[in-house]
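Count residues from 1 along the sequence. Just so you know, ligand 1 is whichever comes first in the structure, and atom 1 is the first atom listed for that ligand.
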Amino acid sequence: MADTLEAAKGNISKKGFLDMEVDPTLDLVAEIEKLKKEKNAIILAHYYQESEIQDVADYIGDSLGLSQQAAKTEADMIVFAGVHFMAETAKMLSPSKKVVLPDLKAGCSLADSCPPHLFRKFKEKYPDHVVVSYINCTAELKTLTDICCTSSNAEHVINSIPKDKGIIFAPDRNLGAYLIKKTGRDLVLWNGTCMVHEIFSNEKITKLQVRFPKAKLIAHPECESHILDKADFIGSTSGLLKYTKESEYTEFIVATESGIIHQMELASPSKTFIPAPPNNDNCACNECPYMRLNTMEKLYLAMKYEQPEIILEDWIIEQGVASIDRMLEISAKAGL
Ligand code: 13P
Ligand code: SF4
């Protein structure tokens with residue numbers, strides 16, 4: 001293993017993170033707190049991060065909340081404990097700031113399912129359509145997008161578009177199908193999915209519902225329609241968290257990445273949260289393999305050495321940021 005920064009940097013491109021030993025006796029929480037102050041850094045973490053990372057974050061939230069924080073922070077360095085498209089979004093919103101991601105390989109199957117060169121051809125077939133892209137897409141895809149959305153503002157974004165306008169929705173076909181039902185609009189869908197949300201087992205959830213008859217099934221709109229059709233509540237990660245906090249019910253089967261359960265348990269310690277089971281018994285498929293690449297050690301090294309850094313070409317920022325700004329404007333108008 002590399003033991004100098006220069007040697008380690010050489011490995012970032014191959015491994016995606018700083019390949020250096022971390023002294024196992026270090027108090028990582030204390031060191032991270034110290035680095036935050038020294039470097040005027042802010043840690044933004046998504047709800048799908050492991051609990052320890054959530055506990056050291058300055059802000060924990062869903063994709064919309066994280067973008068809003070990235071746009072308004074006065075920190076010099078944004079440490080993004082999430083995945084690549086989220087860190088790219090932060091860089092586009094705050095281009096003068098340093099944005100680091102503990103592991104550059106923390107990608108997203110949904111973002112990967114929509115390569116910009118193929119999407120460009122798809123878009124050419126519908127020249128008069130407005131393009132709405134879920135924020136879970138690459139920075140380059142955002143340059144081909146009119147308005148971004150997240151799961152918490154998607155309905156508002158679709159409803160903001162004049163009724164006589166056609167709409168392409170990319171890349172998540174499940175969220176897209178859900179929006180067709182909710183808004184009554186005829187969206188042209190890109191055929192992408194999230195590898196975590198497409199694996200929940202309908203049969204095993206039904207068995208859990210029989211075992212826990214009082215439990216409410218709550219689901220993220222990235223889930224397949226057969227799961228959404230039986231859900232008692234559908235929402236973004238922050239929407240699901242709010243529902244469990246405010247609900248009179250005390251048992252929930254949670255059909256989204258299981259990392260969110262940490263905040264649910266902190267907010268409602270007397271309630272019971274059961275992760276929805278995946279089809280395959282032999283994998284923790286309800287944990288996002290990309291989100292979980294970030295570790296406390298990688299977070300500490302990223303803060304200490306300010307690497308790996310998110311670098312975007314100027315044209316990508318210039319052409320892509322308008323779609324995120326429009327989303328933030330629509331959200332602000334809707335009070336989100
Ligand atoms: P939200 O937290 O915005 O609901 O998004 C979920 C997700 O899949 C992020 O990758
Ligand atoms: Fe992407 Fe799904 Fe992981 Fe979210 S949970 S980062 S959508 S692969």
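Applying the salt bridge (Lys or Arg N to Asp or Glu O under 4.0 Å) test to residues at least two apart or on different chains, the pairs with a partner in residues 237-249 are Lys242-Glu246.
Taking CG of Leu299 as the reference point, atom CD of Glu31 lies at 12.5 Å (rounded to 0.5 Å).
Residue contact check: Tyr134 has heavy atoms under 4.0 Å from atoms 5 (O) of ligand 1. Atoms of ligand 1 found under 4.0 Å from any heavy atom of Met86, numbered from 1 in the order shown, are 9 (C), 10 (O). Taking a cut-off of under 4.0 Å to the non-hydrogen atoms of Ser236, the atoms of ligand 1 that pass are 4 (O). Against a heavy-atom cut-off of under 4.0 Å, Glu222 is close to the following atoms of ligand 2: 7 (S).
Residue contacts with ligand 1 for Tyr47 are absent, since no atom lies close enough (heavy atoms, distance under 4.0 Å). With a 4.0 Å cut-off on non-hydrogen atoms, Glu257 does not touch ligand 1 at all.
Shortest non-hydrogen contact noted between Glu287 and Ser258 is CG-OG, 3.5 Å. The minimum heavy-atom distance linking Ile78 with Ala70 is given by the pair CD1-O, 4.1 Å.
Formation of a donor-acceptor pair under 3.5 Å by the Ser201 side chain with backbone atoms of Lys204 is found in this model. Checked by atom type and distance alone, the side chain of Ser268 never pairs as donor or acceptor with a backbone atom of Glu265 at under 3.5 Å.
In terms of protein heavy-atom proximity, atom 8 (O) of ligand 1 is closest to Glu222 OE2, 2.9 Å. For atom 10 (O) of ligand 1, the closest non-hydrogen atom of the protein is Asn136 ND2, 3.4 Å. Ranking the protein heavy atoms by distance from atom 2 (O) of ligand 1 puts Thr237 OG1, 2.5 Å first.
Heavy atoms from other residues, nucleotides or ligands lying under 6.0 Å from CD of Glu38 number more than 12. A 6.0 Å sphere centred on NZ of Lys36 holds more than 12 heavy atoms belonging to other residues, nucleotides or ligands.
The shortest N/O to N/O separation between His220 and ligand 1 falls below 3.5 Å. Ligand 1 has no nitrogen or oxygen under 3.5 angstrom from a nitrogen or oxygen of His197. No N or O atom of Thr150 sits closer than 3.5 Å to an N or O atom of ligand 1.
A side-chain contact (heavy atoms from CB on, under 4.5 Å) with Lys97 is found for one member of Thr73, Ile42, Asp76 and no other, namely Thr73. Among Asp232, Thr244, Ile234, the single residue meeting the side-chain contact (heavy atoms from CB on, under 4.5 Å) criterion with Ile218 is Thr244.
Excluding waters, the set of protein N/O/S atoms under 2.8 Å from atom 1 (Fe) of ligand 2 reads Cys108 SG.
Side-chain contact between Cys149 and Phe169: present, with at least one pair of heavy atoms (C-beta onward) separated by less than 4.5 Å.
A tilted orientation is assigned to the rings of His129 and Tyr126, their planes being inclined by 30° to 60°.
Ligand 1 lies less than 4.0 angstrom from a heavy atom belonging to Ser151.
Compare Tyr48, Tyr290, Phe85 by their heavy atoms: the one nearest to atom 7 (C) of ligand 1 is in Tyr48.
A salt bridge between Glu251 and Arg211 is absent, with no side-chain N of the basic residue lying under 4.0 Å from a carboxylate O of the acidic one.
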